[in-house]
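Structure record follows, encoded as structure tokens.
We're numbering straight along the sequence, starting at 1.
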Amino acid sequence: MEANRSESQTHFIRKAIDRPNRPVLPSRHTTLENIVVIRKAECQRRWIFRCRLEREIPQVLDNNSRINIAILTINDNLNYGNRLQNYALQQILKEYGNVTTIRMLTHADSRFSYWKAILRDWKQRVKATAFRFGSRNQRLLSQRMRSGIAFTRKLVPDDSARLSQFRGLKSKEALDLVVIGSDQVWNYHWLDKGDLKLRLGMFEPKLRKISYAASIGVDDLSDSTAPIFENGLPGISHISVREDKAKELVQSVPNMDAEVVLDPTLMLTPEQWSQTFRGFVPEHDGYVLTYFLGKPSDEQETVMREYAESRGLRIRRIRDYSDPETYVAGPQDFVELFAKADYVFTDSYHACCFSLIFAKDFKVFNRSGFEGGKNMNSRMQTLMRLFDLSDTMGDNTAIDRIDHDAVLAKLQEYRELSHSWLTRAIANE
């Protein structure tokens, strides 16, 4: 009897530890004593899992121990920074489990608006095809749209989980964790109150949520949205944000705190990013790269032109119809353009990120012709503070040079800190 009992207990211990995501079901061996053994084995399994996470080598977990993670972010096939931060966060989270991205349907609080939102998604795909036969600019936009759609479909698929006010969360797979971020997921200027609640994780209360490098993108919480943040933030077990201002706003909610971490794009190395390249930039192409979300002033244009001419370089302009060759770049081509540029002029946050990743000198001009430009620069100010590069921002015409060795040292330090925070958050410590 003693031998049989020992063999039975061994069976339950192995089952509880080796198959942690599957419940140990009653069988002919089940006794009160075995139930006690099962509980001890479960505790042992949790302890092993926790120790593995603390050693920050979650990749050693076998397939049965990996959790299902979903990213909740902005879904915008035409936004370079959005697509690339989504991809980067996915790659980081793959160390911990199986990862998908939730497709959130905004302004979908009724049956009619729900189907309208679905049709809106399809309309973009139809437009991307129809514009192939339109005007010159429409054809260029069509190619860029199709590149963005293809990038999402191949590299950051978002077709296995859907979220809306009307239907809530619908996922093909059972989820263990939702990671909210990165990008301006909590910018309430772009969301109605119902959608803001969803972005704050106010759905499926039993499903655990954390945020990674979430951004608010504003300087204060409005009277109408502050109560939503006060109700939503406590439901997120671990909160990290992308900029100092977002940390201040989270801390303005009673009993809440947040950690400032790196944007996901900065967490990947140049070698990891180069794996996405598809030969968009010709060999030996010498150029100055510009990427502006606002319109550069005449003085800024003069600085860029004189710099390029003095070095015998051409100017390649992202998101500018005057440069059709560059305008059609997809998200991975965007990264390749930064990797091979001689110098970068920009007013974009993610342009600065990729300049830092690929050790490119760059100049940040204050954004002009953009409403609320001061608010949009809050995340830029945090980035410059982290790397002691505040002098690169402004309207002066000086061409800045950067100590890339110092930047690389800080970047590696912040990567380790951000990765450590994420590991603890996923382990729910």
Side-chain angles (χ1 to χ4, degrees), residues 16 19-24 42 45-46 49-50 52-53 58-59 61-75 82-83 85-106 108-109 114 117-118 121 152-183 185-186 191 194-214 231-240 261 264 267 419 421-429:
R19 304 172 69 187
N21 290 335
R22 303 181 187 180
V24 180
E42 284 290 329
R45 188 267 302 171
R46 293 191 187 99
F49 183 69
R50 183 172 178 177
R52 285 169 172 171
L53 285 175
Q59 61 270 24
L61 300 178
D62 58 46
N63 290 332
N64 287 329
S65 299
R66 294 171 68 80
I67 60 176
N68 291 330
I69 306 171
I71 298 170
L72 177 57
T73 187
I74 300 169
N75 310 103
N82 171 259
R83 291 297 77 213
Q85 64 79 22
N86 192 175
Y87 170 79
L89 183 55
Q90 172 191 268
Q91 298 305 105
I92 299 165
L93 292 174
K94 280 182 177 180
E95 298 179 11
Y96 305 90
N98 308 307
V99 188
T100 189
T101 294
I102 297 171
R103 183 73 183 178
M104 179 171 164
L105 302 178
T106 57
D109 58 354
Y114 175 81
I118 291 178
D121 277 359
T152 297
R153 184 177 65 251
K154 295 177 181 178
L155 297 179
V156 278
D158 58 2
D159 56 356
S160 63
R162 185 177 287 171
L163 178 65
S164 67
Q165 295 181 52
F166 178 61
R167 297 193 65 186
L169 178 64
K170 301 296 180 183
S171 176
K172 295 178 181 178
E173 302 288 340
L175 299 176
D176 301 299
L177 178 69
V178 171
V179 180
I180 304 171
S182 172
D183 216 344
V185 287
W186 293 337
L191 302 165
D195 287 336
L196 178 59
K197 290 178 180 179
L198 294 181
R199 287 272 181 80
L200 285 165
M202 298 173 71
F203 60 90
E204 297 287 340
K206 293 183 179 180
L207 177 58
R208 195 164 72 90
K209 293 99 178 176
I210 66 173
S211 75
Y212 183 82
N231 290 329
L233 290 177
I236 303 173
S237 67
H238 295 72
I239 300 174
S240 66
V261 295
M267 295 291 284
H419 191 277
W421 181 92
L422 184 59
T423 297
R424 294 194 304 272
I426 290 177
N428 200 19
E429 295 181 350

Subject >> Stepwise side-chain contact (heavy atoms from CB on, under 4.5 Å) check, Leu169 with Leu207 >> reply: CA-CA 11 Å; Leu169 178 64; Leu207 177 58; 3.8 Å; yes
**OP:** Apply side-chain contact (heavy atoms from CB on, under 4.5 Å) to the pair Trp186 and Leu191, showing each step before the final yes or no.
**Re:** CA-CA 8 Å; Trp186 293 337; Leu191 302 165; over 6 Å; no
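- Contacts of Phe203 classified as ring-ring contact (aromatic ring centres under 6.0 Å, His included), with partners at least two apart in sequence or in another chain: none.
- With sequence neighbours left out, Ser164 forms a side-chain hydrogen bond (donor to acceptor under 3.5 Å, both in side chains) with no residue at all.
- Listed by chain and residue number, Arg83, Thr101 satisfy the side-chain hydrogen bond (donor to acceptor under 3.5 Å, both in side chains) test with Asn86 (two or more places apart in sequence, or in another chain).
- For Gln91, the side-chain contact (heavy atoms from CB on, under 4.5 Å) test picks out Tyr87, Lys94, Leu268, with sequence neighbours left out.
- Side-chain contact between His419 and Met267: present, with at least one pair of heavy atoms (C-beta onward) separated by less than 4.5 Å.
- Two residues are said to be in side-chain contact when any heavy atoms from C-beta on lie closer than 4.5 Å; Tyr96 and Leu422 meet this criterion.
- Side-chain contact check for Leu89 versus Val99: every heavy-atom pair is 4.5 Å or farther apart.
- Heavy atoms from other residues, nucleotides or ligands lying under 6.0 Å from CD of Glu173 number 12 at most.
- Side-chain contact between Val179 and Ile69 is present, with at least one heavy-atom pair separated by less than 4.5 Å.
- Taking Asn82 as the reference, Thr73, Ile74, Asp76, Asn79, Gln85, Asp183 meet the side-chain contact (heavy atoms from CB on, under 4.5 Å) condition, with sequence neighbours excluded.
- Counting heavy atoms from C-beta on, the side chains of Ile67 and Ile426 come closer than 4.5 Å.
- Applying the side-chain contact (heavy atoms from CB on, under 4.5 Å) test between Lys209 and each of Val178, Leu177, Ile239 identifies Val178 as the sole match.
- Residue pairs meeting the salt bridge (charged side-chain N to carboxylate O under 4.0 Å, His left out) criterion with at least one partner in residues 156-171, sequence neighbours excluded, are Arg103-Asp158.
- Considering only residues two or more places apart in sequence or on other chains, Ser240 meets the side-chain hydrogen bond (donor to acceptor under 3.5 Å, both in side chains) condition with none of them.
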Original post:
Could you go step by step and tell me if Leu200 and Leu233 meet the side-chain contact (heavy atoms from CB on, under 4.5 Å) rule?
Top reply: CA-CA 6 Å; Leu200 285 165; Leu233 290 177; 3.8 Å; yes
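- For Asn68, the side-chain hydrogen bond (donor to acceptor under 3.5 Å, both in side chains) test picks out Asn98, with sequence neighbours left out.
- Taking the side chain as every heavy atom from C-beta outward, Met104 and Arg199 approach each other to under 4.5 Å.
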